[in-house]
Participant: 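Below is the structure I would like to discuss, written out as structure tokens.
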Amino acid sequence: MAKTTRLDLMASKQSGRKIVVVTAYDYSMARLVDRAGVDVILVGDSLGNVVQGHDSTLPVTLEHMIYHTSCVTRAKVDAMVVADLPFGAVQRGTASTLDASIRLVQEAAAEAVKVEGAGKRLSAIEAVASSDIPVWGHLGLTPQSVHRFGGYRVQGRGEGEGRRLVEDARRIESAGASALVLECIPHELSREITAELGIPTIGIGAGPECDGQVLVLHDLLGVDEEFVPRFVKHYAKLGETIPQALGRFVQEVREGVFPTLEHSYSTAAKGKGKAGRR
Ligand code: KIV
């Protein structure tokens, strides 16, 4: 397959083919996600939650994003790789946003970056886009604003708030964004924004009418069985499967069932001699 680009996503918007985006944070998972045929891998700052174990994305730094994005791009995926600009990089202003975006492209081979919010962020989006780095916007429940929101709650309910989001979406497109993530907003609002914009909208908790959908990999694989907010569907139960497999390993080692000679080397070099991964 060929590499997915910004132009393919625009073509999908026009044809009505749904765009599929999944997060990944490392080489091995990026390979598996890519093999499933997703269009975009998002190296989200949600890694702060699902990889680092924080209760928000705020502790994630630019160095973390560069590290994880490099791990993903080393998998040489066909999917387009979009990296989140972490808290701090954007809040420090346009120059800092541009510097961080350039580092993500140059040091980690990101193919686009994502910026949360509108308002003061619009000039940053404009600066990144006009520096030839595709940039995605992100509106609604933007996790980096959790303290202003007073918690993780649905955004855009009520006429005034809804109008403000539609207006922000228009401004983000005018600033040069090439796609827009809509998180946890009423589906009627996503439908309106999706119809209004020329760029693709990618929803998470924003209903079925967006041009595409994104989910956090760990959520869709059911790694944490107890985390099932309304917008998440578990397509696997890794929270059960992984401990079951590991439990069998523990048992077999304790009982001397593993390893057998089949999994051992002998002085007579025959059979599988390979010891490295590649
Ligand atoms: O960080 C992330 O994974 C995200 C998605 C949830 C959209 O921003």
Side-chain angles (χ1 to χ4, degrees), residues 3-6 8-9 19-54 56-91 96-117 121 124-125 128-129 131 133-139 141-144 177-183 200 202-204 212-221 223 232:
K3 187 79 186 167
T4 301
T5 71
R6 187 181 71 79
D8 297 312
L9 303 186
I19 298 164
V20 184
V21 184
V22 173
T23 67
Y25 317 99
D26 67 68
Y27 169 86
S28 300
M29 287 298 150
R31 275 164 49 113
L32 295 180
V33 168
D34 197 48
R35 219 197 278 170
V38 307
D39 299 297
V40 177
I41 292 179
L42 172 65
V43 188
D45 61 357
S46 51
L47 69 86
N49 303 104
V50 296
V51 176
Q52 297 177 334
H54 295 295
S56 80
T57 59
L58 301 178
V60 177
T61 65
L62 178 59
E63 301 308 320
H64 298 153
M65 291 309 305
I66 290 173
Y67 172 78
H68 285 281
T69 305
S70 308
C71 294
V72 166
T73 55
R74 224 167 276 139
K76 304 259 179 287
V77 292
D78 286 331
M80 177 176 171
V81 178
V82 180
D84 260 340
L85 284 163
F87 182 76
V90 178
Q91 283 71 13
S96 146
T97 309
L98 187 54
D99 281 351
S101 304
I102 290 171
R103 287 195 64 195
L104 282 162
V105 171
Q106 214 160 40
E107 296 173 37
E111 290 146 2
V113 297
K114 176 164 78 59
V115 173
E116 291 188 11
R121 315 281 145 73
I125 292 175
V128 176
S131 305
I133 300 174
V135 51
W136 287 24
H138 185 162
L139 284 178
L141 173 49
T142 44
Q144 291 174 11
S178 53
L180 176 62
V181 171
L182 297 172
E183 180 160 351
I202 310 295
I204 173 164
Q213 296 293 326
V214 54
L215 276 182
V216 168
L217 180 65
H218 295 57
D219 294 347
L220 80 85
L221 293 179
V223 172
V232 167

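Just so you know, these numbers come straight off a predicted model, no measurement behind them.
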Participant: Applying side chain to side chain contact (heavy atoms under 4.5 Å, CB included), run through Gln52 and Leu47 and close with a yes or a no.
Facilitator: CA-CA 6 Å; Gln52 297 177 334; Leu47 69 86; 3.6 Å; yes

Participant: Among Ile102, Ile125, Val113, Val128, which residue meets the side-chain contact (heavy atoms from CB on, under 4.5 Å) test with Thr97?
Facilitator: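 Filter result, single survivor: Val128.
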
Participant: If you take all heavy atoms of Gln213 and Ile204, which pair is closest and at what distance?
Facilitator: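 Closest heavy-atom pair between Gln213 and Ile204: OE1-N, 4.4 Å.
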
Participant: Does Ala108 offer a backbone N or O that forms a donor-acceptor pair with the side chain of Thr73 under 3.5 Å?
Facilitator: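 Between the backbone of Ala108 and the side chain of Thr73 there is a qualifying donor-acceptor contact (under 3.5 Å).
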
Participant: Once salt bridge (charged side-chain N to carboxylate O under 4.0 Å, His left out) is applied, do any residues pair with Lys3, and if so which ones, sequence neighbours excluded?
Facilitator: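 Residues passing salt bridge (charged side-chain N to carboxylate O under 4.0 Å, His left out) with Lys3: Glu111.
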
Participant: Quick one: salt bridge (charged side-chain N to carboxylate O under 4.0 Å, His left out) partners of Asp84, sequence neighbours excluded?
Facilitator: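 Result, salt bridge (charged side-chain N to carboxylate O under 4.0 Å, His left out) vs Asp84: Lys114.
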
Participant: Roughly how far apart are Leu217 CG and Leu42 CG, rounded to 0.5 Å?
Facilitator: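 Rounded to the nearest 0.5 Å, the CG-CG separation comes to 11.0 Å.
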
Participant: Once you round to the nearest 0.5 Å, how far does CZ of Arg74 lie from CG of Asp26?
Facilitator: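 Reported to 0.5 Å precision, the distance equals 11.0 Å.
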
Participant: Would you check if the side chain of Ser96 reaches a backbone N or O of Ala89 as a donor-acceptor pair within less than 3.5 Å?
Facilitator: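 Answer holds: yes.
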
Participant: With sequence neighbours excluded, what pairs up with His64 under the ring pair (Phe, Tyr, Trp, His ring centres under 6.0 Å) test?
Facilitator: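 Partners of His64 by the ring pair (Phe, Tyr, Trp, His ring centres under 6.0 Å) criterion come out as none, since no residue qualifies.
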
Participant: State, with a plain yes or no, whether a side-chain heavy atom of Phe87 is found less than 4.5 Å away from one of Asp45.
Facilitator: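 They are not in contact (no side-chain heavy atoms under 4.5 Å apart), so the answer is no.
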
Participant: Which heavy-atom pair separates Val77 from Ala30 by the least distance, and what is that distance?
Facilitator: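 Closest pair (atom of Val77, atom of Ala30, distance): CG1-O, 3.7 Å.
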
Participant: Applying side chain to side chain contact (heavy atoms under 4.5 Å, CB included), run through Ile133 and Val135 and close with a yes or a no.
Facilitator: CA-CA 6 Å; Ile133 300 174; Val135 51; 5.7 Å; no

Participant: Taking only residues two or more places apart in sequence, or in another chain, which ones meet Ser46 in a side-chain hydrogen bond (donor to acceptor under 3.5 Å, both in side chains)?
Facilitator: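 With neighbours one apart ignored, the set is Tyr25.
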
Participant: In chain order, what residues pass the side-chain hydrogen bond (donor to acceptor under 3.5 Å, both in side chains) check against Glu183, with sequence neighbours excluded?
Facilitator: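 His138.
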
Participant: What is the distance from atom CD of Glu107 to atom CG of Leu62, rounded to the nearest 0.5 Å?
Facilitator: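 That separation rounds to 8.0 Å.
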
Participant: Go through the structure and list residues passing side-chain hydrogen bond (donor to acceptor under 3.5 Å, both in side chains) with Asp78, not counting sequence neighbours.
Facilitator: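 None.
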
Participant: How long is the straight-line distance from CG of Asp39 back to CD1 of Ile41, given to the nearest 0.5 Å?
Facilitator: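 Going from CD1 on Ile41 over to CG on Asp39, the span is 10.5 Å.
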
Participant: Report yes or no: does Asp8 contribute a side-chain atom to a donor-acceptor pair with the main-chain N or O of Thr5 at less than 3.5 Å?
Facilitator: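 Here the side-chain-to-backbone pair exists.
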
Participant: Give the minimum heavy-atom separation between Leu98 and Ser131, together with the two atoms involved.
Facilitator: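 Smallest heavy-atom distance, with atoms named: CD1-OG, 3.3 Å.
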
Participant: Drop me the distance from Ile202's CD1 to Ile19's CD1, to the nearest 0.5 angstrom.
Facilitator: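 If I round to the nearest 0.5 Å, the distance is 4.0 Å.
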
Participant: Apply side chain to side chain contact (heavy atoms under 4.5 Å, CB included) to residues Arg103 and Glu63 and explain how you reach the verdict.
Facilitator: CA-CA 10 Å; Arg103 287 195 64 195; Glu63 301 308 320; 2.9 Å; yes

Participant: So Val22 and Leu215, side chain to side chain contact (heavy atoms under 4.5 Å, CB included) or not? Walk me through it.
Facilitator: CA-CA 5 Å; Val22 173; Leu215 276 182; 5.8 Å; no

Participant: Between Ala83 and Leu104, what is the shortest heavy-atom contact and its length?
Facilitator: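 That closest heavy-atom pairing would be CB-CD2, 4.0 Å.
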
Participant: For the residue pair Ala100 and Leu85, what are the closest heavy atoms and their distance?
Facilitator: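 Closest heavy-atom pair between Ala100 and Leu85: CB-CD2, 3.6 Å.
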
Participant: Val72 and Ala24: which non-hydrogen atoms are nearest, and at how many Å?
Facilitator: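 In terms of heavy atoms, the two residues are closest at CG2-O, 3.7 Å.
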
Participant: Using only atom types and a distance under 3.5 Å, with no angle test, would you say the side chain of Asp34 pairs donor to acceptor with the backbone of Ala79?
Facilitator: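 Pair found, side chain donor or acceptor close to backbone of Ala79.
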
